[in-house]
Amino acid sequence: MPRGITSSTARTTRRDLPPPEALAARFDGNVEPIAAVAARPALPQPHGNLAAAGQEQLVQAVDRLTAGMSSGTRCKQRQGVRMITDLLTAHPGATWQERWLASGMDAEGPAPVLPGIKEWTRPGGGSVHRGLTYLMALRAVQPSVAALRRHELPQMAEIFLNAQNDPAIETCLKGIEATHYDGFHQRRARYDLAAALITQRIPLSHLTPEALMFYAQEWKRVCTVDYDKNRFGARVLWEVLCQVGHFPAETPATLRRAMIGTRRDVAALVRSYGLANKSVEAVLIDYLHVRVAEGLDFSSTTSLARKLASLFWKAVESVNLGQSDLRLSPATYETWKQRMRVKEDGSTRIDFDNLLLAVKAFYLDLTAWAAAEPERWGPWVAPCPVPRSDLRGYGKRIRRRRELMHDRVRELQPLLGVLVEHVDAELGKAAQLLAAAAAAGRGERFEHSGTLYTRVWTRHDDNMLQMGVTTVRVRAGGGDAVNLVAVEEDAFWTWAVVHTLRLSGVRMEELLELTHLSIRQYQRPSGEVIGLLVIAPSKTDRERVIPMSAELFHVIAQIIRRLTADRRAIRLLRRWDQAEKLLSEPMPFLFQRRHNSTCGMLNENTVMRLLRKACSRIGQYDPRFADLAFTAHDFRWLFATDLVNNGVPIHIGAALLGHLSLQTTSGYVAVFNDEVVRHYQQFLDNRRRLRPAGEYRTPTRTEWGEFEEHFDTRKVELGTCGRPYASDCHHEHACIRCPVLRVNPQMAFRLEEIETDLIARRARAEAEGWLGEIEGIDLTLRLLRQKQVEARRLASMPRTVDLGIPVVAPRGSQ
């Protein structure tokens, strides 16, 4: 037995292409079938049927393929074919494919079965890898995706595609060359084209969108390289096949859109659940059409369709197959209710109350609408099966869930400062190590922060450099090589996400939709310029504007500086809205990051991964972070709580958070002591008494002037008072103790003078025995030192950051 080949007679079952209906069900998701999968074609045989051909017959076929090459090269190819056929002949089977499967080389696994190219290449002769490539080109052997990914087969794509003699392949190859992608991605597209045709045993004419989806999924499933574990194959090839007209016109333009799905109308949503009673299916479709016309957004429509069509009626049909109308018997309803309380995995359904409310609203809506349109809704009016007793205690359960969230806020609030300090420190360390490593030569050893590193440089780095991507990889001791560029990228975007969320209180979707155009400025008559952040509406249809603090402005400026490095414009990207199933217009989104030679948007999963990793690293030295991770919405709860607890009126907080109701904002607020509760309620009562709803109107010129004058009176010796408009000072101008004082970092020396004076006063009070005075001075000193820490942190930030000017990138640029 040759060295390195596994001896096995067990056959490996081939993963053939599933039937058309299975493909459509697996990959369409929320999209209608985009193309019908053609009937399975016969195995393409561009050079005749060589499945059971003899060795010399295969050698002669390879001779014809290599006509025009030098005699030495042709000799190597013939020798390679003889090597692989000798290897396969040792295994049972009537065809070369059967022998290939019996050899065990097609089985899945992390390590290659064939030895390395250098180990299995005869001096001055061919190699078993090149021989295997020619057997694939002749369609005598068809490996699986796993086998192709496990073994290195040089020039496999070029040899296979040239051997097919297919004009359509030539058109596709020209389309690949015409793309804006770099050489690496073009080579990847050619490889994907060859691999998809080989593994599925089809010609290019039968490479449908479903077939390419299957290959892309398999490519990801069998991936063993960390770089590709979260990526689908054939991304560039999909776009090329759309552009050259190989795929139908209605095919989504990108593989990601095809995988995720596109918007479906209400009828398709309901029909996707396969209800047996088509009459009830029709009324559900009609009902949802009315709700959509009333302003229900797509994500809410999808949720409501799932509740009524799947969780309600389809489950009712499973309980009572003969149910013909909406009039449910008590026994049917009780059986359905008991089933729905528990999910399929055995866990309790926490949103069961919402399901009951949706069903109850459905029945009550039909009853109300029947009064206006009896011929349309009257036949479906039936008593609501949900009794009032089933929803008893709903308000109490809502309050319990809110209390749990408030407990979480109280738990997270003291940890927020730890998280902020950690991401600041991580970014600083990553940037310093990256700069030190970039300054080191190839293979050079250098020391940083007491650790000895070695700058790693291999053929991979040369290849990336040819693509215009600079890599900085180091190894500490005997560990693995670490890409410091990727480490610094993760540290920066973790820092940007944490600070933007905590300083603005925006939702996850709103964060990812921020663009360069979201930054505005307002210049007051006094000459003061106020930075504004325009938030696109997410859950509501109201755009809102957030005044940016100096710290938030610094964070946004740092993001812009990174995206416009080397004087390039911020790239125009399209963002896929997963909830609404919509693709945005090309926009200069701020939360985009460069990965090698491509650039893409951060998504919700990436943001959550960055936050989890940051909390996990803190948990290694702080037990409070064990099994604890911040979510994006936690920052919103903390932001709302911080606003109200610092004296901001509730209606101002609602405007900053984008809430349409003050009750929604009050539900976000987790208060910490009775004094704050009383202060908040008193302020709210006074506001309602003094400013009735009728006075919320467009301000007059005099009122607007008073509003602008308010910002001038906020300026104090140590900085700026954050007191909201039309509110008095509640701390009797004791600014050092006031939580809304925003200290100017340039006045840090005054804080030191005040601290020296307070220490002297405390010594005098202690000598005189003024215990009350000592208590007051200690409180002032504690709050003063907190402001000193904040002032030093603000002072450490860069004074100026060049924001650049938005420039529209040329069409097609990346």
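None of the values given here were measured: they were computed from a predicted structure. For reference, positions follow the sequence shown, starting with 1.
Residues Ile570 and Gln592 form a side-chain contact, since some pair of their non-hydrogen atoms from C-beta on lies under 4.5 Å apart. Using a 4.5 Å cut-off on side-chain heavy atoms (C-beta onward), Ile519 and Met548 make contact. Here the side chains of Val498 and Phe630 are not in contact, with every heavy-atom distance at 4.5 Å or above. The side-chain heavy atoms of Leu563 and Phe591, taken from C-beta on, include no pair separated by under 4.5 Å. Taking 4.5 Å as the limit, some side-chain heavy atom of Leu602 sits within range of a side-chain heavy atom of Arg593. Within the 4.5 Å cutoff, side-chain heavy atoms of Arg291 are placed close to those of Asp365. Looking at heavy atoms from C-beta onward, Thr606 lies out of side-chain contact with Trp493 at the 4.5 angstrom threshold. The shortest distance between side-chain heavy atoms of Leu751 and Glu755 does not fall below 4.5 Å.
Put simply, CG on Leu355 and NZ on Lys360 are 13.5 Å apart, with the number rounded to the nearest 0.5 Å. If you take CE on Met340 and CZ on Phe352, they are separated by 8.5 Å, rounding to the nearest 0.5 Å. With rounding to the nearest 0.5 Å, the separation of CE in Met608 from CG in Asn605 is 9.0 Å. How far OG of Ser449 is from NZ of Lys429: 8.0 Å, rounded to the nearest 0.5 Å. Atom CZ of Arg782 and atom CD1 of Ile777 lie 14.5 Å apart (nearest 0.5 Å). Taken to the nearest 0.5 Å, the CZ atom of Arg742 stands 13.0 Å off from the CG atom of Asn744.
At least one donor-acceptor pair under 3.5 Å links the side chain of Arg636 to the backbone N or O of Gly505. Remark: the backbone N or O of Arg612 is not paired with any side-chain donor or acceptor of Ser616 at under 3.5 angstrom. Under a 3.5 Å cut-off, the side chain of Ser303 and the backbone N or O of Ser299 do not form any donor-acceptor pair. Trp336 places a side-chain N or O within 3.5 Å of a backbone atom of Leu311 that can act as its donor or acceptor partner. At least one donor-acceptor pair under 3.5 Å links the side chain of Asp634 to the backbone N or O of Thr631. The backbone N or O of Thr500 sits less than 3.5 Å from a side-chain atom of Ser504, completing a donor-acceptor pair. Remark: side-chain polar atoms of Asp297 are paired, donor with acceptor, to backbone N or O of Ser300 under 3.5 angstrom. Side chain of Arg397 to main chain of Arg392: a donor-acceptor pair is present (N/O by atom type, distance under 3.5 Å, no hydrogens or angles). Panel note: side chain Lys787, backbone Val743; no donor-acceptor pair is recorded below 3.5 Å.
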Assess the residue pair Arg575 and Glu604 against the criterion (salt bridge (charged side-chain N to carboxylate O under 4.0 Å, His left out)); give the C-alpha distance rounded to whole Å, side-chain angles, the decisive distance to 0.1 Å, and a yes or no. CA-CA 12 Å; Arg575 180 182 178 273; Glu604 289 84 351; 3.3 Å; yes

Stepwise side chain to side chain contact (heavy atoms under 4.5 Å, CB included) check, Leu415 with Ile618: CA-CA 10 Å; Leu415 303 181; Ile618 300 175; over 6 Å; no

Decide yes or no on side chain to side chain contact (heavy atoms under 4.5 Å, CB included) for Val506 and Ile546, but give the supporting numbers first. CA-CA 10 Å; Val506 295; Ile546 297 178; 4.2 Å; yes

Decide side chain to side chain contact (heavy atoms under 4.5 Å, CB included) for Val423 and His499; before the verdict, give the C-alpha distance in whole Å, the side-chain angles of both, and the deciding distance to 0.1 Å. CA-CA 9 Å; Val423 298; His499 282 289; 4.2 Å; yes

Between Glu551 and Glu790, is the side chain to side chain contact (heavy atoms under 4.5 Å, CB included) condition met? List the steps. CA-CA 11 Å; Glu551 193 173 1; Glu790 182 68 15; 3.9 Å; yes

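The two residues Ile559 and Ala496 come nearest to each other via the heavy atoms CD1-CB, 3.8 Å. Residues Ala430 and Ala491 share a closest heavy-atom pair of CB-CB, 4.0 Å. Closest non-hydrogen pair, Leu288 versus Ala305, comes out as CD1-CB, 3.7 Å. Taking each heavy atom of Phe639 and Leu503 in turn, the nearest pair found is CE1-O, 3.4 Å. Looking at every heavy atom in both residues, Cys615 comes nearest to Phe625 through O-CB, 3.8 Å. Taking both residues in full, the closest heavy atoms of Ala358 and Leu304 are given as CB-CD1, 4.1 Å, listed atom of the first, atom of the second, then distance.
By the 30° and 60° cut-offs, the orientation of the rings of Phe362 relative to Phe312 is perpendicular. Using bins of under 30°, 30° to 60° and over 60° for the plane-to-plane angle, the ring pair Trp637/His633 lands in the perpendicular bin.
Side-chain contact, Gln558 with Arg561: a donor N or O sits under 3.5 Å from an acceptor N or O.
A salt bridge does not link Asp345 with Lys343: every distance from a Lys NZ or Arg NE/NH1/NH2 to an Asp or Glu carboxylate oxygen is 4.0 Å or more. Salt-bridge formation is detected for the pair Glu334/Lys337: a Lys NZ or Arg NE/NH1/NH2 atom is positioned less than 4.0 Å from an Asp or Glu carboxylate oxygen. Between Arg562 and Glu488, at least one side-chain N (NZ, or NE/NH1/NH2) sits under 4.0 Å from a carboxylate O, which counts as a salt bridge.
The only option from Thr494, Asp490, Asn603 that meets the side chain to side chain contact (heavy atoms under 4.5 Å, CB included) definition with Arg609 turns out to be Asp490. Exactly one residue among Val359, Val316, Asp390 makes a side chain to side chain contact (heavy atoms under 4.5 Å, CB included) with Tyr333. That residue is Asp390.
Surrounding CG of Leu404 are more than 12 heavy atoms belonging to other residues, nucleotides or ligands, all under 6.0 Å away.
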